[in-house]
Amino acid sequence: MNAFKLALSGAVIAMTIAGGTMAASAEQAIPSRVRGTITAVSPDSLEVHTRDGKDVQVALTKETSVAAIELTTLDAIKPDSYIGTAAAPQPDGSLKALEVHIFPASMRGAGEGTRPWDLTPNSTMTNGAVGSIVGSDGRTLTVKYQNGEKKVFVPADVPIVSIVPADRTLLKAGVKAVLLATKNADGSLVARSVSVGTNGAAPPM
């Protein structure tokens with residue numbers, strides 16, 4: 001396992017934990033997502049203006065991984081592609097995608113499964129391999145994971161992105177990002193991973 005996969009695998013697994021229902025008493029150890037726009041960068045920290053209007057500082061460590069989030073299209077998803085999708089549950093048990101992200105080959109298997117997510121109320125995150133692309137319009141995916149599968153409809157207006165390993169040269173004021181961060185006992189935040197939108201895009205997950 002290369003360093004990027006190791007770091008980002010940890011981040012995805014941590015996202016899994018964050019999306020779960022661990023007790024509030026364990027808050028210090030539970031990573032959380034910080035979504036917003038980077039406003040300042042130093043060698044060891046970022047300042048971020050969050051979507052809900054807060055300004056927060058997040059420390060960077062040598063273990064903090066960086067990924068680029070690049071807009072793509074549904075055509076980039078093929079049978080056996082390994083993807084993740086934040087989605088809203090539908091009454092028939094299927095999912096309606098809020099976003100879809102395509103993992104690099106080195107990330108195959110990361111965060112596999114389905115779990116609660118915090119993008120919108122009742123949303124879920126499902127990571128798995130695309131088993132088929134079906135439907136008369138070709139916008140329904142079967143996503144398979146260990147011990148299960150989900151049928152996911154991808155509306156035409158939801159963002160589809162690729163995750164690409166990157167480095168800290170992407171960390172600039174003005175770019176949109178989603179960080180996975182843990183909170184120290186003193187309340188300060190430390191980034192495990194930073195996913196940065198490219199060409200003005202916002203990471204949709």
- By side-chain hydrogen bond (donor to acceptor under 3.5 Å, both in side chains), D44 pairs with (sequence neighbours left out) S42

- Those residues at least two apart in sequence (or on a different chain) that pass side-chain hydrogen bond (donor to acceptor under 3.5 Å, both in side chains) with N199 are none

- side chain to side chain contact (heavy atoms under 4.5 Å, CB included) partners for T198, two or more places apart: A68, E70

- What is the minimum heavy-atom distance between G197 and P203, and which atoms define it? N-CG, 3.6 Å

- Report whether L119 and L71 are members of the same hydrophobic cluster (ILVMFWY, side-chain heavy atoms less than 4.5 Å apart, transitive linking). yes

- Without swapping roles, check the side chain of T72 against the backbone of A76 for a donor-acceptor pair under 3.5 Å. no

- Measure the CH2-OG1 distance between W117 and T124 for me, rounded to the nearest 0.5 Å. 10.5 Å

- Item | Note, P104 side chain near I163 side chain (heavy atom, < 4.5 Å) | yes

- In short, P43 meets L60 closest at the heavy-atom pair O-CD1, 4.2 Å

- Query: Could you give all pairs that pass the side-chain hydrogen bond (donor to acceptor under 3.5 Å, both in side chains) test and reach residues 82-97, with sequence neighbours left out?
  - Reply: D92-S94

- Note on the structure: Smallest heavy-atom separation, S45 atom then Q57 atom, equals OG-NE2, 3.6 Å

- Inter- and intrachain pairs under ring pair (Phe, Tyr, Trp, His ring centres under 6.0 Å), touching residues 183-205, at least two apart: none

- Distance-minimising heavy-atom pair for A191 and T61: O-OG1, 4.5 Å

- Task: Tell me, please, which residues at least two apart from D186 pass side-chain hydrogen bond (donor to acceptor under 3.5 Å, both in side chains).
- Result: S188

- Item | Interatomic spacing from OG in S123 to CD in E99 - rounded to 0.5 Å | 9.5 Å

- Which residues share a side chain to side chain contact (heavy atoms under 4.5 Å, CB included) with T169, sequence neighbours left out: D167

- Does any N or O in the side chain of T39 come within less than 3.5 Å of the main-chain N or O of E47, such that one atom is a donor and the other an acceptor? yes

- Any chance you could measure S195, atom OG, to R35, atom CZ, to the nearest 0.5 Å? 10.5 Å

- Message: Once salt bridge (charged side-chain N to carboxylate O under 4.0 Å, His left out) is applied, do any residues pair with D80, and if so which ones, sequence neighbours excluded?
- Response: R108

- Would you mind listing the cluster partners of Y145? Hydrophobic ones only (ILVMFWY), side-chain contacts under 4.5 Å, chaining allowed. none

- Could you tell me whether the side chain of K54 and the main chain of R51 form a donor-acceptor pair under 3.5 Å? no

- Message: For V175, is there any backbone N or O sitting under 3.5 Å from a side-chain donor or acceptor partner on T37?
- Response: no

- Message: Working note: K151 + T140, criterion side-chain contact (heavy atoms from CB on, under 4.5 Å); need CA distance, chi angles, decisive distance, verdict.
- Response: CA-CA 7 Å; K151 185 174 291 186; T140 300; 3.3 Å; yes

- Query: Regarding S132 and T142, is there a side-chain donor-to-acceptor distance under 3.5 Å anywhere?
  - Reply: yes

- At what distance, to the nearest 0.5 angstrom, does CG of L179 lie from CG of L189? 9.0 Å

- Query: E112 side chain to Q146 main-chain N or O, any donor-acceptor pair under 3.5 Å?
  - Reply: yes

- Query: Under a 4.5 Å cut-off applied to non-hydrogen side-chain atoms, are P204 and L98 in contact?
  - Reply: no

- Message: Minimum heavy-atom separation for A173 and A40, please, with both atom names.
- Response: CB-N, 4.4 Å

- Item | Beyond-backbone contact of K176 with V196, side-chain heavy atoms, under 4.5 angstrom | no

- Cluster link L170 to V41, ILVMFWY, side chain under 4.5 Å: yes

- Query: Rounded to the nearest 0.5 Å, how far does CD1 of I69 lie from NE2 of H101?
  - Reply: 8.0 Å

- Given a cutoff of under 4.5 Å between side-chain heavy atoms of I, L, V, M, F, W and Y, with clusters grown through shared members, what are the other residues clustered with I102? L74, I77, I83, L95, V100, V130, I133, L141, V143, V152, V154, V158, I160

- Message: For a quick test of reading the model, state the closest non-hydrogen atom pair linking A110 to N127 and the distance between them.
- Response: O-ND2, 3.1 Å

- Query: Does some side-chain heavy atom of V194 sit less than 4.5 Å from a side-chain heavy atom of R168?
  - Reply: no

- Message: Would you compute the distance between atom CG of L180 and atom OG of S32 and round it to the nearest 0.5 angstrom?
- Response: 7.0 Å

- Item | Worked check of side-chain contact (heavy atoms from CB on, under 4.5 Å) between I38 and H49 | CA-CA 6 Å; I38 295 174; H49 184 70; over 6 Å; no

- side chain to side chain contact (heavy atoms under 4.5 Å, CB included) filter on N122, not counting sequence neighbours, yields none

- Note on the structure: Sequence neighbours excluded, the answer for side chain to side chain contact (heavy atoms under 4.5 Å, CB included) partners of D137 is R139, F153

